[in-house]
Novice: 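I'd like to ask you about the structure that follows.
Quick caveat: nothing in here was measured; it's all calculated off a predicted structure. Values below: every heavy atom of this structure, side chains too, minus hydrogens, waters and symmetry copies.
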Amino acid sequence: MSEQKEEVDAQDTLDADAAEQSDDVHESVNIPVTSEELLESDQTEDNDSELEPSSDAGPETGAKGQSDRSSSSLDSNEEQPVEFDNVTQLAKQCSDDYNLTFLDKIKSIKESLKTSMIHPSATVKVVLPVGQEIIMPFKIDSILKHLKDHFSYLLNVPSDVLQLTCAGMILKNNETLLQHGVKAQDIVQVEIFSTLPDLYPIKRIDRLSDNYQLITVTVQTGIGQYQQVAVEVIKSDFHKPFLGGFRNKLTGIEYHNAGTQTVPKKIPEKSNVFSRDTQTVFQRKKLLQTTNTTSTQMTKIGVYVSNMTDKLITPGKYFTAAGYHAQRLEAVIVLQTYYRQWHAKKRVENLRRQKMLRLKWEEEEEQRKIREKEEWIKLDYYRRHNPQTKEDFELLYNALELWQQEELVRINQSFTGAERKAALCELLEKETQIITCIGRHRRIASMANQEAMIQAFLKKCSAPKTWRRLDGKIIEMDTQFTIRARELKNIYKCIMLKNLSQDERLDVLLTLKHTVKEHECKLTHEILELIDREVDLMMRGVKNDNLEGLRKRIATLFLHYIKTPLFNPEVARHRKVPQDPLKFYKKIYFCHSCQLYLPSTEFAISSTSHRIYRCRNCINLDNETRQRESFLKYKCLLQRLYYSEADYEDDSTIAFLMQLQDIQYLTENIWASQSALSACNELNDLVMVRWDKSLEWSPWNCILLTKNESAVHLQLTSIEEGYELLFIHKIKHKHILAKNYFSQIPVLASFIYNNAEIDEIRKKYQPETGPKIIESQSPNP
């Protein structure tokens with residue numbers, strides 16, 4: 001029994017010494033190593049110098065040293081005397097087990113360190129030409145072709161087109177970062193370029209993963225010493241919980257209570273929860289009320305207690321439940337009063353703000369209308385004083401007609417007899433002078449427009465071929481025909497220049513002569529003859545003013561030379577006249593007014609016309625001499641109709657079949673040239689919109705309104721709710737008039753009637769063209 005007790009005590013002492021020894025070992029890193037690991041160890045002690053190089057003897061020797069130390073510690077322990085041999089034996093056995101376990105742990109740690117250093121990596125900062133930086137780890141002993149292939153996949157660019165540079169040096173595919181002096185854990189910057197930026201441009205990479213990212217952080221390691229460290233950032237899908245907070249009443253900024261950013265640990269799922277221990281509830285009863293012993297002292301025999309400090313308490317009025325509810329009701333009424341006051345103030349403030357915004361909007365609308373009207377007046381004034389187009393001259397003739405009508409009324413009212421005839425003669429003379437002035441302006445404008453058309457035609461012929469690539473860039477290409485057209489354009493431009501010296505003019509004529517001499521024909525001979533004549537006259541000292549006619553003839557003949565496809569092949573693509581005369585003769589019509597045969601494009605055909613009678617020039621000439629009407633306002637009205645219908649995008653077709661004469665008839669005869677609501681007769685402010693916006697626009701589904709009225713009309717959800725029945729009946733009556741007029745047009749009639757009704761109408765009005773059978777009637781016997 002005593003021996004067992006001694007063994008147990010010795011074992012306890014040995015465990016304590018071993019634990020104490022293990023702590024010392026951890027503190028001093030004094031571990032036994034093998035012969036293979038002896039060269040790699042950084043910390044050694046004196047007692048390790050006796051280790052043998054053999055791998056088998058190393059652990060035994062270490063264990064023996066540990067046993068010696070254990071035995072010496074046992075000698076120093078004087079609390080319980082034990083036998084030295086038994087304690088030494090037990091300590092040796094325990095020390096051997098401990099050393100073996102500790103050596104296995106050290107070996108596993110070193111192997112993990114070795115495996116981590118087998119493939120050292122560096123941080124590579126890849127910079128793209130678009131300014132994007134990508135930071136990623138890369139092995140320093142791997143070839144750079146792997147990095148190039150990785151970015152070739154991301155950029156969708158062939159790898160042989162990409163080029164890597166580092167510090168101005170071109171990196172080859174078979175090179176590594178280690179060959180360029182990059183060590184493990186270093187940060188190196190690499191630029192990527194494309195050798196063919198036009199065909200394979202480098203774009204920004206948008207599909208990189210956001211869950212993994214490397215950032216470079218500058219850390220101060222000493223005084224004036226900094227080091228860049230690559231830090232891996234891993235984004236988690238953990239959202240910060242709302243833990244409450246408060247809001248500043250003055251600024252309105254919300255402040256949330258702080259919370260930890262650590263991702264909470266996931267609660268492990270329990271495999272077996274169907275047990276009595278987890279389902280049983282243990283109850284425990286405990287008294288929470290503590291006892292408090294008190295006592296009172298009253299006056300009695302032998303005891304006197306003074307009543308000087310006593311207070312007389314009388315009962316008050318009883319507070320009933322009804323009184324309590326009445327008090328609460330009064331408090332609620334007070335709260336409702338203040339709340340309603342606050343709500344009324346807010347509502348009044350909102351109404352006041354809306355009123356201010358409404359007044360401001362109305363003022364802006366008035367200013368806009370005034371500004372638009374001023375701009376229209378300025379434009380009309382500019383057109384009258386500087387007419388350039390056909391519409392401008394229509395305005396002039398319309399103004400002349402209005403002035404002539406006013407003067408005629410004034411003369412008829414003011415004069416009679418001979419005075420009236422004299423005033424009418426004077427009026428006719430003034431009208432003649434004005435018409436002459438308008439004709440002079442028209443001639444100047446036509447010459448300027450003709451020269452502008454010639455320059456635009458030459459520019460179009462000499463323009464290079466252009467097309468758009470898939471990446472949006474425009475490619476231009478010059479052909480031999482466009483280069484030839486550009487040379488002829490430059491020569492024509494030089495011919496038309498004025499205020500040139502005699503030498504410069506001779507150089508231009510010499511260039512023209514060499515250009516024209518390339519072809520032999522009647523036109524070129526005539527041009528050469530005129531050039532020689534001008535040179536001869538210039539040498540004789542003739543003034544430039546006297547040579548204007550000759551120079552104009554040369555320019556006209558050279559323009560005819562440019563427009564000939566034989567001399568300028570590029571012109572054939574831009575000529576309106578077809579090369580085949582048979583195609584040109586197919587659509588030729590006869591004008592009964594000017595007695596000319598003209599193409600179909602020279603005739604204005606309305607929707608209600610049945611035959612072709614007069615061309616456009618004859619119609620305009622008749623308008624200028626008789627009616628003198630201006631169709632500019634109707635053209636603007638028709639243009640606004642086209643734009644409004646194009647915005648619906650519902651494939652409406654009837655609106656785009658309407659011509660100028662149709663919209664004029666619809667405005668003047670059906671809607672009386674005024675708004676259906678406000679009777680506004682300013683055509684510049686009127687638009688023709690759909691009556692029922694769910695249906696396609698047509699003359700029998702439209703209404704003439706101002707711009708503001710049309711905006712409100714299109715916002716209505718139901719016509720019956722927005723207008724009265726009398727107004728709706730009036731609009732439908734106008735629609736019936738328009739339908740009766742436009743049903744005469746075969747194209748529009750197909751939209752009004754169905755196919756059966758159209759066939760019936762055709763049978764009714766179409767004459768029978770079939771052969772008639774006449775039966776002979778025999779005489780009655």
Side-chain angles (χ1 to χ4, degrees), residues 369-370 372-449 591-595 604 606 613-638 660-661 663-676 678-686 704 706:
K369 290 180 182 179
I370 294 173
E372 288 181 356
K373 191 172 183 180
E374 290 178 354
E375 291 178 357
W376 178 263
I377 292 174
K378 288 181 181 179
L379 181 61
D380 186 71
Y381 180 82
Y382 178 78
R383 283 180 171 178
R384 292 175 188 270
H385 285 75
N386 299 286
Q388 298 292 333
T389 60
K390 183 178 65 175
E391 291 79 8
D392 299 342
F393 290 101
E394 286 181 358
L395 286 175
L396 289 179
Y397 281 108
N398 187 19
L400 175 61
E401 181 65 21
L402 295 177
W403 173 80
Q404 193 262 350
Q405 294 294 337
E406 292 177 359
E407 290 294 324
L408 186 60
V409 172
R410 184 182 63 82
I411 291 172
N412 291 332
Q413 293 177 356
S414 302
F415 304 102
T416 57
E419 294 180 355
R420 178 177 175 274
K421 291 182 179 180
L424 290 176
C425 291
E426 185 179 359
L427 176 62
L428 180 60
E429 185 178 356
K430 290 182 179 180
E431 184 179 2
T432 305
Q433 293 178 0
I434 294 174
I435 293 175
T436 304
C437 183
I438 293 174
R440 186 165 55 251
H441 280 284
R442 171 175 287 181
R443 185 173 59 84
I444 296 173
S446 64
M447 291 175 61
N449 293 336
C591 177
H592 296 273
S593 179
C594 60
Q595 303 294 322
S606 63
Y613 185 73
R614 293 186 300 178
C615 63
R616 296 179 186 271
N617 294 330
C618 295
I619 294 175
N620 294 333
L621 184 60
D622 181 70
N623 181 39
E624 291 175 1
T625 54
R626 295 182 182 181
Q627 300 176 357
R628 294 176 181 174
E629 294 181 357
S630 177
F631 302 100
L632 179 61
K633 296 181 179 180
Y634 298 106
K635 289 181 180 178
C636 296
L637 183 61
L638 185 61
L660 185 61
Q661 295 81 0
I663 203 72
Q664 181 181 2
Y665 178 85
L666 191 63
T667 304
E668 293 179 353
N669 300 328
I670 304 298
W671 299 102
S673 300
Q674 62 182 4
S675 173
S678 60
C680 178
N681 57 0
E682 186 65 30
L683 289 179
N684 296 325
D685 194 39
L686 295 180
L704 188 64
T706 62

Novice: Is there side-chain contact between Glu629 and Tyr634, with at least one heavy-atom pair below 4.5 Å?
Specialist: no
Novice: Using the side chain to side chain contact (heavy atoms under 4.5 Å, CB included) definition, which of the options Lys373, Glu374, Glu372 pairs with Ile370?
Specialist: Glu374
Novice: For the pair Asn412 (side chain) and Leu408 (backbone), establish whether a donor and an acceptor sit closer than 3.5 Å, ignoring hydrogens and angles.
Specialist: yes
Novice: Search all heavy atoms of Leu427 against all heavy atoms of Glu407 and return the closest pair with its distance.
Specialist: CD1-CB, 3.7 Å
Novice: Quick check against the 3.5 Å criterion: does Asn620 have a side-chain atom that pairs as donor or acceptor with the backbone of Asn617?
Specialist: no
Novice: Between Ser446 and Asn449, do the side chains contain a donor N or O and an acceptor N or O under 3.5 Å apart?
Specialist: no
Novice: Between Gln674 and Trp671, is there a donor-acceptor pair closer than 3.5 Å when you use the side chain of the first and the backbone of the second?
Specialist: no
Novice: Which heavy-atom pair separates Arg442 from Phe393 by the least distance, and what is that distance?
Specialist: CA-CZ, 3.2 Å
Novice: Counting N and O atoms only, with roles assigned by atom type, does the side chain of Thr625 sit under 3.5 Å from a partner on the main chain of Asp622, one being a donor and the other an acceptor?
Specialist: yes
Novice: So which atom in Leu660 and which in Leu638 form the shortest heavy-atom distance, rounded to 0.1 Å?
Specialist: N-CD2, 4.2 Å
Novice: Answer yes or no: is there a side-chain heavy-atom contact under 4.5 Å between Lys421 and Phe415?
Specialist: no
Novice: At their closest point, which heavy atom of Arg628 faces which heavy atom of Ile435, and how far apart are they?
Specialist: NH2-CD1, 3.6 Å
Novice: Take atom CD of Glu429 as the centre, draw a 6.0 Å sphere, and report whether it contains more than 12 heavy atoms from other residues, nucleotides or ligands.
Specialist: no
Novice: Considering non-hydrogen atoms only, spot the tightest contact between Pro387 and Leu396 and give its length.
Specialist: CG-CD1, 3.8 Å
Novice: What distance do Gln388 atom CD and Ile444 atom CD1 have between them, rounded to the nearest 0.5 Å?
Specialist: 9.5 Å
Novice: Would you say the side chain of Leu632 lies within less than 4.5 Å of the side chain of Arg383, judging by non-hydrogen atoms?
Specialist: yes
Novice: Locate the shortest heavy-atom distance separating Ser678 from Thr706; write the atom from each residue and the value.
Specialist: OG-CG2, 4.0 Å
